[in-house]
Each structure stands twice: as structure tokens, then as C-alpha cells.
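This report concerns only the one structure given below.
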Amino acid sequence: MPELPEVEVVRLGLDEHVVGRAVTAVEVLDPRSVRRHGPGPSDFVARLVGRRVDAARRRGKYLWLVLDDGSSVLTHLGMSGQALICDPDAATPRHLRITVDLDDGRQLRFVDQRIFGGMAVSDTDPPTEIAHIAPDPLDPGFDVARVVSLMRRRRTGVKRALLDQTLVSGVGNIYADEALWRARLHYARSTRGLRIAEATELIRHVHDVMTEALAQGGTSFDALYVNVNGQSGYFDRSLNAYGREGDPCDRCGAMIVREPFMNRSSYRCPACQPRPRNGRW
DNA sequence: ATCGTAGCCTGGTAGC
DNA sequence: TGCTACCAGGCTACGA
């Protein structure tokens, strides 16, 4: 559920508080949070202790800390992951999974209720493990025309395409619904039926909504999406579609509807984003 | 090759 | 009150 803007908020915090620091100790409190680290928790700890953190990077919803031996600590927040910076003697949160002690006496904490996320050490920067993750819209190398071209070659619905991290990364349910609302597109519209101009505008909306959300510190619905200081962003007040079932559309006043889609929910304005009548529409 | 979906996870809440 | 069922949903693995 933390999507690109929320992950970037976390990356900025790590950049400020963790980069330049050395790791003095690591504790894995729940091995499930490092299950993607093949060699296991003790190896995870050994690969971190004594290393200095040289950079904090991100692609899509993945972020990683670059260590001074060229390896990196790949991190995904999943649905409920948090990276917090605090004093080691601060109260232990309920779902504390990993602690990383730093040489300035502070502690990086990975807190995760649902354990969809986790950490793993990769040999490289960028991690080869995320080679399949496409550039995200905030990446300087992001190529709109390329994404539009690839998208229009797919045989699927437009929201499915937006959520496919191998096509464009960083988009989750919230910003997909927001971009589709801005573009006045129904989630089931065929990618093949989109005109180049429509698809280009959709990608532009994805970029814009993420940029605006980032400027407000990200979106927060419950206390789960927070920066490294545990604070929430404010973009939820700016949402036009997501989570607004029964509210009037900010554009036309029709009542926003929620519909099951891909085993989750999709929000749209039934007037601005009408259901396609055939495959092309 | 491409597309669609089951399952991983926990806690809050709706419903009985 | 206490129980069950459901929902939140990013990602991987796997089947069609």
C-alpha cells in the first residue's frame, strides 16, 4: 500500500539519517521479514555489521541501502512496512521485526504488521533481484513514449497494465485509481484501444499525481504509511477517487462507486469514467 | 509468450 | 460477549 511517493518519503529519511553511518549491530526479531534473504537471518546480520551505508536508492516501490563493499540492502515495505529512526531505548512497537544499530547511537527499525515486505542483502547495486522492475515515472531516465508503446501492445485492461511493475513501476491501487480518474478512463478499458494521446496523457497523470503526493509527504489512511519519524503525509485530503465511495465526484458531482477488481477495490466516477461497451472502447 | 489469479500475512471490523 | 468471515493489497509462483 505504500506506493512510490510514500516509499520516496522513506528514502529521503534514510538518506538524511542513515547514509554515512556505519552499522554496529543488527537483530532479526522475526525471520519471516528476511525470508527473501536466501542464506538466512544470521548471514543477513553478518553481511551488515561493520559496513558503512553510502547511499539510499529507490526504484518503484523497492528501496535499497548501498553498503561500502558494493552490496546493498534491498527493502520492500509491502503493505504495512515502516522504516523508523529512533533511539534504541524507545518503546518497542508491537510489530518490530528488524533493528539496525548505527554508529551515532541511533537505531533503524523495520516495523511490519503483515509481513508482506522485508529486507534482503544483494551482492550488487542496483540489486540484480529487481532487474525486472521497470523504471518509475520519477526516474530521470523514464521514457514516456516507450511505456506508451509497450502498454498499447498489451492485451489487457489499462489498470492491470498500470499495476504491472515490469511495465511501469511504483503504481499501486491508490495512484492507479487517481490517474484513471484524472484521465477519465475506466479501469477495464483495453490497452490496445487507447490512442497514443490518451495513453500519453494517462502516464502524465500518473507522474503528476505522484509528484503532488510526494510534495505533501505522501498519502496516509491509517497510521501505517509514515516517514522515518513516524509522521503521516497529507495527500489523502487531495484524493479524487480512491476511498471516496458514495462521495460526489469533484468534477461532475456523480457518486463515486467502489467495485471489486483483481481481488481488491477500484474506485471511479460512473459518469466521467463510464464502463467500456466493447473491447475497443 | 502472455495473461490472470491463488496465496502469502495480520489486525480491525462487520455480522451473527 | 465471543466467535467467524471478510477486507486491506504488493508481489511471486504457477497454471492456462
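The figures here come from the full heavy-atom set of this structure, side chains too, leaving out hydrogens, waters and symmetry mates. None of the values given here were measured: they were computed from a predicted structure. Quick note on labels: first sequence line is chain A, next is B, and so on, each numbered from 1.
Residues A:His95 and A:Val111 form a side-chain contact, since some pair of their non-hydrogen atoms from C-beta on lies under 4.5 Å apart. Proximity of A:Val49 to A:Thr24: side-chain heavy atoms (C-beta onward) are nowhere separated by under 4.5 Å. A 4.5 Å side-chain heavy-atom check between A:Leu185 and A:Gln273 finds every atom pair outside the cut-off. A 4.5 Å side-chain heavy-atom check between A:Phe110 and A:Met119 finds at least one atom pair inside the cut-off.
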What protein N or O atoms touch nucleotides 14-16 of chain C N or O atoms at under 3.5 angstrom, if any, and at what distances?
none

Dump every N/O contact between nucleotides 3-5 of chain B and the protein below 3.5 Å, one line per pair.
residue: B:dC3; atom: OP1; partner: A:Arg155; partner atom: N; Å: 2.5
residue: B:dG4; atom: OP2; partner: A:Thr156; partner atom: OG1; Å: 2.5
residue: B:dT5; atom: OP2; partner: A:Arg160; partner atom: NH2; Å: 2.4

Dump the pairs, protein N or O against N or O of nucleotides 9-13 of chain B, anything under 3.5 Å, distances to one decimal.
residue: B:dC9; atom: OP1; partner: A:Arg35; partner atom: NH1; Å: 2.6
residue: B:dC9; atom: O5'; partner: A:Arg35; partner atom: NH1; Å: 3.4
residue: B:dC9; atom: O3'; partner: A:Arg32; partner atom: NH1; Å: 3.4
residue: B:dT10; atom: OP1; partner: A:Arg32; partner atom: NH1; Å: 2.4
residue: B:dT10; atom: OP1; partner: A:Arg32; partner atom: NH2; Å: 3.2
residue: B:dG11; atom: OP1; partner: A:Arg94; partner atom: NH2; Å: 3.4
residue: B:dG11; atom: OP1; partner: A:His95; partner atom: NE2; Å: 3.3
residue: B:dG11; atom: O4'; partner: A:Gln113; partner atom: OE1; Å: 3.4

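Contact annotation for A:Phe261: no contact, since no heavy-atom pair falls under 4.0 Å across all strands.
No continuous path of ILVMFWY side-chain contacts below 4.5 Å connects A:Trp64 to A:Leu102, so the two sit in separate hydrophobic clusters.
The aromatic rings of A:His76 and A:Tyr62 sit perpendicular to each other, their planes meeting at more than 60°, with 30° as the lower class boundary.
The phosphate of C:dT12 has OP1 or OP2 within less than 4.0 Å of a side-chain N or O from A:His132. Using a 4.0 Å cut-off, some side-chain N or O of A:Gln165 falls inside it from OP1 or OP2 of C:dC11. Applying the 4.0 Å criterion to OP1 and OP2 of C:dG10, one finds that A:Tyr175 has every side-chain N and O outside that range. Residue A:His76 places at least one side-chain N or O closer than 4.0 Å to OP1 or OP2 of C:dC11.
Side-chain contact annotation: A:Lys159 with A:Ser266, donor-acceptor N/O pair under 3.5 Å present.
Of the candidate nucleotides C:dA8, C:dC11, C:dG10, C:dG10 has the atom lying nearest to any side-chain atom of A:Leu163.
At a threshold of 4.0 Å, the pair A:Arg275-A:Glu259 counts as salt-bridged, since one of the basic side-chain nitrogens sits closer than that to a carboxylate oxygen.
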